[in-house]
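Here's the structure we're looking at; comments come further down.
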Amino acid sequence: MEERLTLSISLIIAALAWSITSGKLFLILHSTLGILLLGLSVFYLGVAHRANAVGAILIGWLGLLAILFAAVNGVLFLLAQQAINSVWMAAGFGVAIMLYAIGSFV
């Protein structure tokens with residue numbers, strides 16, 4: 001089981017690296033934006049924890065999970081070319097945007 005997980009993580013990293021280094025311009029920009037959004041999600045969560053704001057912490061965790069969901073489905077789309085993964089990626093991004101919009105008022 002551990003070997004399979006290691007292989008899966010290696011495959012995800014390889015697909016992401018390929019999309020940034022060897023993909024077409026739009027794919028490079030798209031993947032880079034996804035990584036930037038993931039980093040900003042972690043930053044938001046860190047700021048929320050430092051402020052000890054319960055509502056913002058909840059939004060931060062849910063937003064981070066939504067971004068991770070979108071990222072995993074984006075990589076799965078690269079690997080399998082299944083349209084459903086593209087739909088789930090867009091849905092994860094949409095949920096994250098809604099959460100962070102709500103979080104701006106919390």
Side-chain angles (χ1 to χ4, degrees):
M1 180 71 175
E2 185 178 320
E3 184 177 308
R4 187 174 176 181
L5 179 63
T6 304
L7 179 62
S8 298
I9 291 171
S10 298
L11 191 58
I12 288 170
I13 291 170
L16 187 58
W18 174 85
S19 73
I20 293 172
T21 60
S22 302
K24 294 185 179 181
L25 180 61
F26 182 74
L27 180 60
I28 293 169
L29 294 174
H30 188 85
S31 298
T32 304
L33 178 62
I35 293 169
L36 179 64
L37 288 172
L38 183 61
L40 288 172
S41 294
V42 171
F43 178 76
Y44 178 95
L45 186 58
V47 170
H49 273 285
R50 289 197 76 191
N52 203 22
V54 176
I57 291 171
L58 179 62
I59 294 290
W61 277 110
L62 293 174
L64 178 59
L65 288 174
I67 291 291
L68 285 171
F69 180 79
V72 166
N73 277 286
V75 171
L76 288 174
F77 179 76
L78 282 174
L79 295 171
Q81 296 291 306
Q82 296 294 316
I84 191 65
N85 293 118
S86 181
V87 171
W88 285 120
M89 178 179 54
F93 175 72
V95 167
I97 290 297
M98 287 189 298
L99 286 165
Y100 290 124
I102 291 168
S104 68
F105 295 107
V106 171

Item to check | ILVMFWY network linking I13 to L78, side-chain heavy atoms under 4.5 angstrom | outcome: no
Checklist entry - Which atoms form the tightest heavy-atom contact between A66 and G92, and what is the distance? => result CB-O, 3.5 Å
Checklist entry - Taking all non-hydrogen atoms of both residues, which atom of I57 and which atom of L45 are closest, and how far apart? => result O-CD1, 3.8 Å
Checklist entry - Measuring from L16:CG to L79:CG, what's the distance to the nearest 0.5 Å? => result 10.0 Å
Checklist outcome for this item: Of all heavy-atom pairs linking G63 and A96, the shortest is O-CB, 4.1 Å
Item to check | Closest non-hydrogen atom pair, A56 against Y44 | outcome: O-CE2, 3.5 Å
Checklist outcome for this item: side-chain hydrogen bond (donor to acceptor under 3.5 Å, both in side chains) filter on W18, not counting sequence neighbours, yields none
Checklist entry - Can I12 be reached from I84 by stepping across I, L, V, M, F, W or Y side chains whose heavy atoms are under 4.5 Å apart? => result no
Item to check | Residue pair L64 / L38, side-chain heavy-atom distance below 4.5 Å | outcome: yes
Checklist entry - Tell me the ring pair (Phe, Tyr, Trp, His ring centres under 6.0 Å) pairs involving residues 70-96, sequence neighbours left out? => result F69-W88
Next on the checklist: When you compare the side chain of L99 with that of V95, does any pair of heavy atoms fall below 4.5 Å?
Outcome noted: yes
Checklist outcome for this item: CD1 of I20 to CD1 of I35, rounded to nearest 0.5 Å, is 3.0 Å
Item to check | Gap between atom OG1 of T32 and atom CD1 of I28 - 0.5 Å precision | outcome: 7.0 Å
Checklist entry - Rounded to the nearest 0.5 Å, what separation is found between the OG atom of S86 and the CG atom of L76? => result 12.0 Å
Item to check | Linked, directly or transitively: V47 and W61 (ILVMFWY side chains, under 4.5 Å) | outcome: no
Checklist outcome for this item: CG of L29 to OG of S19, rounded to nearest 0.5 Å, is 11.0 Å
Checklist entry - Is it the case that one hydrophobic cluster holds both L65 and V42, taking links as side-chain heavy atoms less than 4.5 Å apart, direct or via other members? => result no
Item to check | From V72, N73, V75, residue fulfilling side chain to side chain contact (heavy atoms under 4.5 Å, CB included) relative to M89 | outcome: N73
